[in-house]
Amino acid sequence: QTLFPPLSRLYVKAYFPETTRRDITEMVGHVKDEFALRLRANPWLDEPTRKAALEKLSRLDVAVGYPEQWVDFSGVEIKPDDYFGNVRRIDRFLQKRRLARLGQPVVVERFDDPSGTTPISVNAAYQPQRNNVDITAAIVQPPFYVPGADAAVNYCTIGAVIGHELTHGFDSQGRQYGPAGNLRDWWTPQATNRFTQRTDVLVDQYSRFEILPGLMHNGRLTLTENTADLGGITLAHAALQRHLKNKPLPKIDGLSSDQRCFVAWSQMWAYKGRSERLRLLVSNDYHAISSVRAVAPLMHLDAFHKAFGTRKGDPMWRAPEKRIAIW
């Protein structure tokens with residue numbers, strides 16, 4: 001929280017126009033509305049859990065780009081040849097700022113996590129204790145978003161990221177927090193069992209991916225992110241379909257809007273790493289390896305199989321009885 005806000009402010013001014021912020025905010029509304037519709041029709045939720053889920057979603061706040069109020073660092077003296085002094089002066093400034101809040105009403109500051117949610121971080125994050133999502137300015141760029149580009153691509157990249165973060169409030173960890181961010185189990189035992197039955201399918205699926213010879217993926221470690229990936233692309237595709245209901249898009253390069261949607265999702269996860277890096281990620285990263293994220297969630301979507309006409313024996317074929325829908 002020390003050096004990032006001023007740099008973030010310069011970045012936003014140079015690279016994040018208000019038109020982009022409005023476009024992303026509008027897309028957030030579409031994806032959130034789609035989530036609400038699907039919660040109301042979800043066949044495995046019982047009524048008490050459904051009601052609580054809708055309440056939590058209605059109170060889930062999403063901020064886009066940057067904080068409404070920037071921290072004013074103008075009173076801090078910064079010298080080009082005094083790094084240690086700069087750090088001390090900044091620390092002193094922040095300490096005084098924190099002390100001044102004692103006895104005052106709590107103010108929740110957004111985009112304030114140096115490890116991931118400052119506006120210059122390429123990230124989006126759900127905070128369960130706050131029940132909110134921050135979508136940083138820096139993630140709103142290729143491969144996640146291109147202003148004015150094909151809606152099928154933008155919805156299934158940045159739109160899927162939005163959906164991913166929304167569903168984090170309802171995954172195996174986020175579901176433990178209530179609408180106000182308090183630690184509370186608001187699920188009935190029946191809904192919990194049905195949810196676990198579905199997520200166990202993901203654990204089994206992801207654990208069957210061989211990343212390197214003899215190195216299997218860890219479906220249990222990556223479960224919350226895998227659940228959110230499935231929810232994200234599901235919500236994004238559904239929101240895209242609703243968005244295009246009265247204005248279908250023509251084919252581009254021979255690909256339909258659905259095909260472009262799913263290709264865009266996969267391309268978003270393009271990644272190259274050394275074998276040593278992959279072994280490290282498999283051992284300690286709660287996100288799935290990018291090559292797995294690119295394909296595994298799509299295998300559960302009927303719309304994906306319909307779009308590409310997959311058949312038994314194809315690498316991405318998954319039998320209908322083995323496909324699951326959570327959100």
Side-chain angles (χ1 to χ4, degrees), residues 19-43 57 60 62 64-65 124 126 133 135 139-171 225-270 290 293-310 316 318 320 323-327:
T19 53
T20 294
R21 194 185 198 199
R22 287 198 301 268
D23 288 346
I24 300 302
T25 301
E26 180 181 7
M27 189 181 294
V28 166
H30 292 167
V31 176
K32 192 174 181 181
D33 288 346
E34 185 61 39
F35 195 8
L37 289 170
R38 297 178 73 86
L39 283 176
R40 292 189 182 98
N42 193 307
L57 180 63
L60 195 161
V62 182
V64 177
Y126 173 74
V133 172
I135 300 170
I139 199 175
V140 187
Q141 61 175 310
F144 301 98
Y145 174 77
V146 176
D150 178 19
V153 172
N154 278 341
Y155 264 84
C156 295
T157 48
I158 192 65
V161 169
I162 293 166
H164 173 111
E165 298 303 333
L166 291 179
T167 63
H168 265 320
F170 307 81
D171 62 20
E225 294 299 325
N226 299 339
T227 306
D229 276 351
L230 176 56
I233 186 58
T234 300
L235 291 176
H237 175 258
L240 172 67
Q241 294 299 99
R242 192 172 299 277
H243 175 70
L244 299 179
K245 188 173 183 180
N246 297 317
K247 46 181 177 182
L249 295 175
K251 285 189 174 183
I252 299 178
D253 294 333
L255 297 177
S256 68
S257 58
D258 273 6
Q259 289 174 326
R260 299 198 304 276
C261 162
F262 299 130
V263 168
W265 164 268
S266 292
Q267 289 179 329
M268 180 171 63
W269 299 114
S290 292
R293 299 182 79 173
V295 299
L298 300 180
M299 296 166 70
H300 291 280
L301 273 64
D302 293 340
F304 165 78
H305 294 284
K306 181 180 179 181
F308 289 99
T310 60
M316 288 185 67
R318 188 173 179 88
R323 302 171 195 170
I324 58 163
I326 300 179
W327 305 120

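Along the sequence shown, residues are numbered consecutively beginning with 1. These numbers were taken from a predicted model, which means no experiment stands behind them. Computed from heavy atoms alone, side chains included, the values below leave out hydrogens, waters and symmetry copies.
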Would you please test L301 and L230 for side chain to side chain contact (heavy atoms under 4.5 Å, CB included) and show each step?
CA-CA 9 Å; L301 273 64; L230 176 56; 3.7 Å; yes

Please step through side chain to side chain contact (heavy atoms under 4.5 Å, CB included) for the pair L249 and L244, ending with a clear verdict.
CA-CA 7 Å; L249 295 175; L244 299 179; 3.7 Å; yes

Return the minimal non-hydrogen interatomic distance between [X] and [Y], and the atom names on each side.
| X | Y | value |
| --- | --- | --- |
| E165 | Y126 | OE1-N, 3.1 Å |
| T157 | Y145 | OG1-N, 4.5 Å |
| S266 | A294 | OG-O, 2.7 Å |
| S257 | L240 | O-CD2, 4.4 Å |
| I233 | P297 | CG2-CB, 4.1 Å |
| D150 | R260 | OD2-NE, 2.5 Å |

Cationic tip of R293 above W269 ring, under 6.0 Å, 45° of axis
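Yes - R293 lies over the ring of W269, closer than 6.0 Å to its centre and within 45° of its axis.
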
Measuring centre to centre across the rings, with the benzene-like ring taken for any Trp, is H237 within less than 6.0 Å of F304?
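Centroid distance H237-F304: not below 6.0 Å, so no.
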
Would you confirm whether [X], through its side chain, and [Y], through its main-chain N or O, come within 3.5 Å as a donor-acceptor pair?
| X | Y | value |
| --- | --- | --- |
| E34 | L235 | no |
| Q259 | A307 | yes |
| R21 | V64 | yes |
| H300 | I324 | yes |
| N42 | I326 | yes |
| N154 | V146 | yes |

Please work out which of the three classes, parallel, tilted or perpendicular, describes the rings of F308 and F262, given edges at 30° and 60°.
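The rings of F262 and F308 sit tilted, inter-plane angle from 30° to 60°.
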
Does H243 form a side chain to side chain contact (heavy atoms under 4.5 Å, CB included) with M27? I'd like the steps, not just the answer.
CA-CA 10 Å; H243 175 70; M27 189 181 294; over 6 Å; no

Quick check for you: to the nearest 0.5 Å, what is the distance between [X] atom [atom1] and [Y] atom [atom2]?
| X | Y | atom1 | atom2 | result |
| --- | --- | --- | --- | --- |
| H164 | T234 | NE2 | OG1 | 12.5 Å |
| E225 | T167 | CD | OG1 | 9.0 Å |
| L166 | L60 | CG | CG | 6.0 Å |

Scan side-chain atoms only and decide if D33 and H30 contain a donor-acceptor pair under the 3.5 Å cut-off.
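No donor-acceptor contact under 3.5 Å links the two side chains.
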
Take M316 and H305 through the side chain to side chain contact (heavy atoms under 4.5 Å, CB included) test and state the conclusion after the steps.
CA-CA 9 Å; M316 288 185 67; H305 294 284; 5.5 Å; no

Heavy-atom check, side chain of I162 versus side chain of V62, under 4.5 Å
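No. Closest side-chain heavy atoms not under 4.5 Å.
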
